[in-house]
Structure formats: structure tokens, C-alpha cells
2 protein chains.
Amino acid sequence: MAKAHPALLEDESDIERLLGYNLKRAYMIVRDDFRNQVEQSVLSPRAFSVLTLIVESSGMTQSEVARQLGIERSGLVAIIDDLEARGLAERRAVPGDRRAQALIATEAGYELHAQILARVQAHERALLAPLDRAEQVQLLTLLRKFRSAHEKDEAS
Amino acid sequence: MAKAHPALLEDESDIERLLGYNLKRAYMIVRDDFRNQVEQSVLSPRAFSVLTLIVESSGMTQSEVARQLGIERSGLVAIIDDLEARGLAERRAVPGDRRAQALIATEAGYELHAQILARVQAHERALLAPLDRAEQVQLLTLLRKFRSAHEKDEAS
DNA sequence: ACAATACTGTTTACTAAGGTAACAATATAT
DNA sequence: ATATATTGTTACCTTAGTAAACAGTATTGT
């Protein structure tokens, strides 16, 4: 009996053909590497992504950061608290809006971010080494295309 | 000053160029879709992956399933307990080894698995629709290549 | 001007997922 | 026989993330 929708990769088991399963397993590889090499009681992946955004776009409000990262505002509070307690970032009043808090990185925040980013980039290069240059670009490009097709509503 | 290692995608911010960040965001899209459309108090992503493996390879021991899925044996216990309580799978004694438990799916387990798998595949097709056929195959292929380069030690 | 509506940061409580360490029972190796 | 390894299990902990409510503030509609 003919398949109505032929699978993308014929030679694998059902679960190995699922996009979700492959994305999760691939992410776990990268995340474990991040934790082993970078996080040593420094910054969690989540806190690093928040600090990166603050460093790259100084002055964003908490809501803007949450939207951009696709996380809940409520989840951001503890992260900012932690970054602030460590002297890496600060909350600043927003002139026009007394509800909002603008986020800026401190000097120490910029420095730590630069350090960690360099290490993360080096480790991702190592992880991607089994793919040739063209494949690396393809993978990143396809992931970004997939994301932008589904994130229209939230992020920038 | 020239960059020692040119970035893969020149036109994006630092965080958007990171593999880990893109994998996580992409996975969250698929996972949220799974939860919205499939999980309705039926099976979590994790329980589904376990049931799928049991259905595809009947008789595996718990340790084998854990290794194959890249999760801890300890985490598997509750999932099997749940599948067993719902009459979807069973633990069976292994003839040669009195420590091990062989896992088999019940009739109900096979049926539910087939139902959910069909729904998951349909939803993944919809999610992948923004990519053309060649890109879909590329994405899956690259993810699997990336995984197999880093999972040598654990899974089959 | 006033009422309805929406947004911001926050707290609290919850679930899923996973990690670590220990344990008794059982297998395997020396 | 003794040491070592493996299996399933339990207990405890961390990270992520969700959901609902809240007071304070802004915006919109009339």
C-alpha cells in the first residue's frame, strides 16, 4: 500500500525521522557542552542569553527582552535579580514610562559577556567541525528560516 | 582588525548566530506545537518517545531504552510506571538476567502510539511547510549528521 | 474628564525534564 | 571467592518554563 506522505528520510526508524526529536537531541549536545565548559558556576544558558541581549541592545525593558527571547516576563525576574546581585547588570528607570525598567550591563557585565561569548563561539566551532563549512552555514540558515517562519508574532 | 574566525552568518547579532540558541528556539516551536495538538492529557513528549521506542523495538530493557534516548535510567522509572498504569506497556522478566526488565507495548499501546505518531507527523509536515522539500531533507540530514558525530559513545 | 482596557514588573505556585548519588539484587571478571 | 560492574529503583536537587493573579501605570474610547 502506497504511503500518502513519504517520509523525509526513508532509511531510519520513526522516531529518528521526527524533527522534534532530532532538534532536542542536537540541542542537548550543545547545551551539555555549554554546561561542561562554560557554566562552571558562572552563568546558566538562560542567564547568558539575557546578558547577551542586554549587552547588544542596551536599555531594553524587561518585557522587550522577554519577548525577544520568547520567555515569560515572570521567568525573567529571577534572572535579572541574579545578574544585578552579581553586579553584571542594572535596572534603570525609564523616563517616559514609570512602569518599565530599562536594563543596562555594567562594565563587569560587558567583560564577562565578552569572555563567555568567545568561549561559547570556540566550543560551537569545535562542535560543528564534523560538518564542512557549507553544511555549517546551511544548518544555521535553515534553522533561522524555520524560526522566522514561526516567530512572526513575537520577536522583532 | 581582521577576525580570526569569521562568523557563519555575518548579518545577524551575536546571539542569533549561535547554534545552541537557534536549536533551542526551533525545538521550542516544535515542542509547543506537540503540546498544543497532541499532549491534551495524553502523553508528554518524553513518554511518547519512550513508547515509540518500545513499539519499534519490543523487548528492550530499561537500561537499553535509556541509553538509546540519552536519558538517565532513573528518569525512566516514572515514565514506565505511568505507561504501565495506563495499560500501554508492561515490564516482563528477562530469561537470562534476573536484574533486567524487558519492555513490551500492549495492544492499547500500539494503537495509541500509531494514533499519536500520525498526528505528530502531520503536524511536523505543517511546521516544515515553509521550507521546500529539498530544504526539509537537508535540515533533517544535517541534524542527524551533527548528532551522529557526537553520540558515538551512547546510542546504538 | 472618565471609564474601560492594556501593559509592566512582580510574586506565587505548579509542571516537565533532567542530574546525582546512593542502594539492594544480580552478573561478570579475575 | 572476591572484586567489579550492571540493573532497576528511590530520594533529593536544579533548571526551565507555564499560569494566574496583583498593584501600579499608560492608553484608548467616548
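Just so you know, these numbers come straight off a predicted model, no measurement behind them.
D/dT10 atom P lies 16 Å from atom CD of B/E72, rounded to whole Å. With rounding to whole Å, A/D32 atom CG is found 14 Å from D/dT14 atom C1'. Taking atom CG of A/L69 as the reference point, atom P of D/dG17 lies 10 Å away to the nearest angstrom. The interatomic distance linking A/K24 (NZ) with D/dG17 (P) rounds to 13 Å, in whole Å. Separating the CD1 atom of B/I79 from the P atom of D/dT10 is a distance of 14 Å, rounded to the nearest angstrom. Here C/dT8 presents its C1' atom at 15 Å from CE of A/M60, a figure rounded to the nearest Å. In this structure, the CE atom of A/M28 is 9 Å from the C1' atom of C/dA17, given to the nearest Å. At whole-Å resolution of the value, CD in B/E64 and C1' in D/dT7 are 11 Å apart.
Residues from residues 51-59 of chain A placing a heavy atom under 4.0 Å of any atom in DNA chain D do not occur. Near DNA chain C, meaning a heavy atom under 4.0 Å away, the residues from residues 91-101 of chain A are A/R91, A/R99, A/A100, A/Q101.
For the pair B/E64 (side chain) and B/T61 (backbone), a donor-acceptor distance under 3.5 Å is present.
Heavy-atom nearest nucleotides on DNA chain C were determined for A/R73 and for A/R31, and the one closer to the 5' end corresponds to A/R73.
Evaluation of the side chain to side chain donor-acceptor pair (under 3.5 Å) rule for B/R92 yields B/E90 as partners, not counting sequence neighbours. The salt bridge (Lys or Arg N to Asp or Glu O under 4.0 Å) search around B/E72 returns none, not counting sequence neighbours.
Sequence neighbours left out, the pairs with a member in residues 103-115 of chain A that pass side-chain hydrogen bond (donor to acceptor under 3.5 Å, both in side chains) are A/T52-A/H113. Within the structure, every pair that satisfies the side-chain hydrogen bond (donor to acceptor under 3.5 Å, both in side chains) test and touches residues 93-103 of chain B, not counting sequence neighbours, is listed here: B/D97-B/R99.
OP1 or OP2 of C/dT8 has at least one side-chain nitrogen or oxygen of A/R67 nearer than 4.0 Å. Under 4.0 angstrom from either OP1 or OP2 of C/dT10 there lies at least one side-chain N or O belonging to A/Q62. The phosphate of C/dT8 (OP1 or OP2) has a side-chain N or O of A/S63 nearer than 4.0 angstrom.
Checking C/dT10, C/dT20, C/dT8 against the side-chain heavy atoms of B/S74 singles out C/dT20 as nearest.
B/L131 and B/L127 end up in the same hydrophobic cluster when Ile, Leu, Val, Met, Phe, Trp and Tyr side chains are linked at under 4.5 Å.
Defined by atom type and a distance below 3.5 Å, a donor-acceptor pair is missing between the side-chain atoms of B/R17 and A/Q121.
A salt bridge links A/R147 to B/E16: one of the charged nitrogens lies within less than 4.0 Å of a carboxylate oxygen.
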Steps toward side-chain contact (heavy atoms from CB on, under 4.5 Å) verdict (A/L103, A/V50): CA-CA 10 Å; A/L103 301 173; A/V50 171; 5.6 Å; no
